[in-house]
Amino acid sequence: MALMQVIDLSINLIFYAAIGRLLSSEGTGKVAMAFLIMSAFNVITIFALNTTSTRFIASSLGRKDISGLTSTYRSVIRAVSVSSTVAFAVSLVLLNQLSAMTGLTRLEVLFTVIAAFIMDFTSVLGGVLFGLSMYKQVAVQNLMYYSLSRLPGVLLAIYMGPLGVMLALALGDLPVLAYTLYALRGKIPAREKSNFKALMNYGWPLYLLNLLAFVQGWLATISVYTASGMGAMGTYYMISSLVPFLSIAYTSITSAVFPALSFKAGEAGSPGLSQMLRTSEALMLYLVAPMALSAAAASPTLLYFVYGPKYSSQWLVFSILSISIVTGSLSSLYSVTLQALGRTGKQLIVGSLSLVVNIVSLLALVPMLSAVGAALATGISSATGFLYYYYYVKKYVNHTFSLSRKLFYLWSVTSASVLTVQIIAGNRVLLTAGGEICAFFVSFLMLTKFLRPLGEEEKKWLSYAFKPKSILKLIG
């Protein structure tokens with residue numbers, strides 16, 4: 001799973017680096033608007049059935065309930081077929097209005113909506129693959145999606161501008177959907193029974209949470225657009241799009257641990273989750289925190305190499321967003337834990353509170369600080385979500401967060417060494433970049449070898465993600 005995330009996000013990095021250089025700020029603003037439309041379409045029409053199907057199918061496997069598994073599959077396919085088709089038809093009727101509202105041409109809106117429509121099905125079926133623990137097929141699905149939608153988008157952008165990116169998004173989804181259907185062929189017996197009501201009873205708080213997450217995820221970008229226009233939106237979007245690359249470790253962990261937590265919850269209830277949660281936390285802090293804090297320290301150099309000098313002046317925005325990854329990773333872990341327990345209502349409460357904090361922070365900070373204010377508001381909201389998620393996890397799993405001194409020393413010293421190079425080397429970009437890379441890896445590996453911050457259980461989990469034994473030898 002970790003390798004899948006590395007490949008997917010690496011392709012995404014190439015995509016954003018290329019269009020950041022090929023397109024103007026206005027052009028990248030149009031690309032941002034297209035992804036905003038896709039996200040809105042998907043979150044509204046999927047009804048959280050992708051993650052709901054993962055939880056129900058994995059839980060059914062844990063109970064050896066084949067009937068529940070098959071009825072879940074049929075229910076989610078029927079539901080997404082109806083909702084997506086209706087939304088697609090409405091979008092076609094309102095094509096002119098959408099074009100006027102978003103600043104995109106009618107053709108750009110059309111390609112974007114087609115891509116979103118197909119993405120609904122690949123997303124829900126991907127959730128089914130996760131629930132069945134078909135991780136190899138999930139990896140292939142993701143690799144196909146990013147390869148076929150992003151890389152052709154770069155080539156088409158050379159000749160067609162933003163329209164080429166949107167065309168690639170629409171065409172790239174089709175073979176991914178075909179492969180996903182093929183991978184599931186014969187895996188689930190045909191049954192007429194439906195458990196849609198049970199799915200929605202579980203999923204409606206999660207659906208509302210996804211709506212809140214969508215609003216919160218795009219609110220900062222929209223606020224920059226409202227305050228400063230399409231060009232500023234494009235700049236902020238391109239910088240914030242680099243942040244997910246720092247989330248390789250925690251998205252791999254949460255994606256893999258969710259079906260495992262659901263299985264354990266179905267088998268043994270909440271008492272069986274604490275140790276799994278503790279192991280996941282340790283891996284988060286070992287892998288995510290050093291990378292995020294070091295990236296924050298090296299932000300001027302990173303932005304220069306990825307996008308060129310026109311974006312490097314926005315280094316403070318990237319630094320703030322990078323630091324917020326630490327609390328965001330733990331929030332993600334606690335969120336899927338509550339989801340595995342069926343406590344989706346609590347997720348909704350946390351999402352609502354975080355959104356309120358985000359809105360208040362944006363209203364207070366963006367008028368004064370523009371993009372920096374938007375980044376600060378995002379960080380404040382992330383910290384708020386972490387605190388509330390932890391409260392509920394502690395309550396329902398009887399789990400207490402603990403930060404070991406070894407892990408604290410590891411990521412503190414590693415990020416400090418990178419920051420030292422950044423300060424000393426100054427504007428000598430090549431020298432700075434080489435020094436920062438060396439400082440990060442030397443500090444991280446030497447401290448890992450000396451401090452030995454991971455226990456045997458954490459090392460075993462890493463062995464599943466990183467097969468080469470040479471990597472495991474480096475961590476003791």
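The shown structure was predicted, so the numbers you read here are calculated from the model rather than taken from an experiment. The basis for the numbers below is simple: all heavy atoms, side chains too, and nothing from hydrogens, waters or symmetry mates.
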| task | Could you tell me whether the side chain of Val215 reaches within less than 4.5 Å of the side chain of Leu355, counting heavy atoms only? | result | yes

Here the gap from Leu293 atom CG to Leu419 atom CG, rounded to the nearest 0.5 Å, amounts to 10.5 Å

Distance col, row Thr337:OG1 vs Lys346:NZ, nearest 0.5 angstrom, shows 16.0 Å

Look at the side chain of Ser382 and the backbone N and O of Ser324, then say whether any donor-acceptor pair between them is shorter than 3.5 Å.
yes

**Request:** Flag the pair Leu132 / Tyr73 as yes when at least one side-chain heavy-atom distance between them is below 4.5 Å, and no otherwise.
**Result:** no

Pairing donors with acceptors under 3.5 angstrom, does anything connect the side chains of Thr414 and Ser443?
no

For residues 359-368, tabulate all N or O donor-acceptor pairs below 3.5 Å that involve a side-chain atom, not counting sequence neighbours.
from, atom 1, to, atom 2, distance (Å)
Ser361, OG, Val357, O, 2.8

Evaluation steps, side chain to side chain contact (heavy atoms under 4.5 Å, CB included), between Thr448 and Leu410: CA-CA 7 Å; Thr448 295; Leu410 173 70; 3.8 Å; yes

Is any side-chain heavy atom of Gln314 less than 4.5 Å from a side-chain heavy atom of Tyr236? no

| query | What is the ring orientation for Tyr237 with Phe35, classed by angle as parallel under 30°, tilted 30 to 60°, or perpendicular over 60°? | reply | parallel

The test is side chain to side chain contact (heavy atoms under 4.5 Å, CB included); show your working for Val413 and Leu447 and say whether it passes. CA-CA 9 Å; Val413 174; Leu447 288 169; 3.6 Å; yes

Smallest heavy-atom separation, Thr28 atom then Gly20 atom, equals CG2-CA, 4.3 Å

What one should report as the nearest heavy-atom pair of Ala375 and Ile320 is O-CG2, 3.4 Å

Heavy-atom check, side chain of Leu125 versus side chain of Leu129, under 4.5 Å | no

Rounded to the nearest 0.5 angstrom, the CG-CZ distance for Leu445 and Phe440 is 8.0 Å

query = So, does Ser147 use its side chain to make a donor-acceptor pair with the main chain of Met144 at under 3.5 Å?
reply = no

The reported gap from OG in Ser10 to CZ in Arg150 (rounded to nearest 0.5 angstrom) is 13.5 Å

- Task: Taking the side chain as every heavy atom from C-beta outward, state whether Ile46 and Asn210 have any pair of such atoms under 4.5 Å apart.
- Result: no

**Request:** Would you indicate whether the side-chain heavy atoms of Thr54 and Val128 approach each other to under 4.5 Å?
**Result:** no

Aromatic contact, Trp218 with Tyr225 (centres under 6.0 Å): no

Checking Ser412 side chain against Tyr409 main chain: does a donor-acceptor pair fall under 3.5 Å? no

On a heavy-atom basis, the closest approach of Ser312 and Leu303 is CA-CB, 3.8 Å

Using the rule given for side chain to side chain contact (heavy atoms under 4.5 Å, CB included), can you reason through Thr221 versus Leu36, listing the C-alpha separation, both sets of side-chain angles and the distance that settles it, and then say yes or no?
CA-CA 10 Å; Thr221 305; Leu36 172 58; over 6 Å; no

Keeping Ser149 on the side-chain end and Gly172 on the backbone end, is there a donor-acceptor pair under 3.5 Å? no

**Report entry** side chain to side chain contact (heavy atoms under 4.5 Å, CB included) evaluation trace for Tyr146 with Phe15
**Finding:** CA-CA 9 Å; Tyr146 284 103; Phe15 169 76; over 6 Å; no

Heavy-atom closest pair (Gln347 atom, Ser335 atom, distance to 0.1 Å) is NE2-OG, 2.6 Å

* Report yes or no: does Ser81 contribute a side-chain atom to a donor-acceptor pair with the main-chain N or O of Ile77 at less than 3.5 Å? => yes

Between Thr122 and Tyr145, is there a side-chain heavy-atom distance shorter than 4.5 Å? no

side-chain contact (heavy atoms from CB on, under 4.5 Å) test vs Val317 passes for just one of Thr235, Thr378, Val243, Ile239, namely Ile239

Keeping Ser354 on the side-chain end and Gly351 on the backbone end, is there a donor-acceptor pair under 3.5 Å?
no

Closest non-hydrogen atoms of Asn358 and Ala377, given as atom of the first, atom of the second and distance, are OD1-O, 3.6 Å

Check your understanding: Is it true that the side chains of Thr45 and Ser83 contain a donor and an acceptor less than 3.5 Å apart?
Key -> no

So CG of Asn42 and CZ of Phe214: to nearest 0.5 Å the spacing works out to 9.5 Å

Using a 3.5 Å distance criterion without hydrogens, assess whether the side chain of Ser415 forms a donor-acceptor pair with backbone atoms of Ser294. no

Q: Step through the shown structure and confirm whether more than 12 heavy atoms of other residues, nucleotides or ligands are within 6.0 Å of OH on Tyr392.
A: yes

In short, Leu407 meets Ala282 closest at the heavy-atom pair CD1-O, 4.1 Å

Ring pair (Phe, Tyr, Trp, His ring centres under 6.0 Å) with Tyr286: of Trp411, Phe444, Phe408, only one passes, and it is Phe444

Residue set satisfying side chain to side chain donor-acceptor pair (under 3.5 Å) with Gln141, at least two apart, ordered chain then number -> Thr180

Practice item. Give a yes or no on whether the backbone of Thr432 and the side-chain of Thr301 come within a donor-acceptor separation of less than 3.5 Å. Key: no

- How about Tyr16 and Tyr307: do any of their side-chain heavy atoms sit closer than 4.5 Å? yes

Item to complete: Would you confirm whether Ser332, through its side chain, and Gly328, through its main-chain N or O, come within 3.5 Å as a donor-acceptor pair?
Response: no

Sorted by chain and residue number, the side chain to side chain contact (heavy atoms under 4.5 Å, CB included) partners of Thr102 (sequence neighbours excluded) come out as Met33, Ile37, Leu104, Val109

The reported gap from CD1 in Ile44 to CZ in Phe41 (rounded to nearest 0.5 angstrom) is 9.0 Å

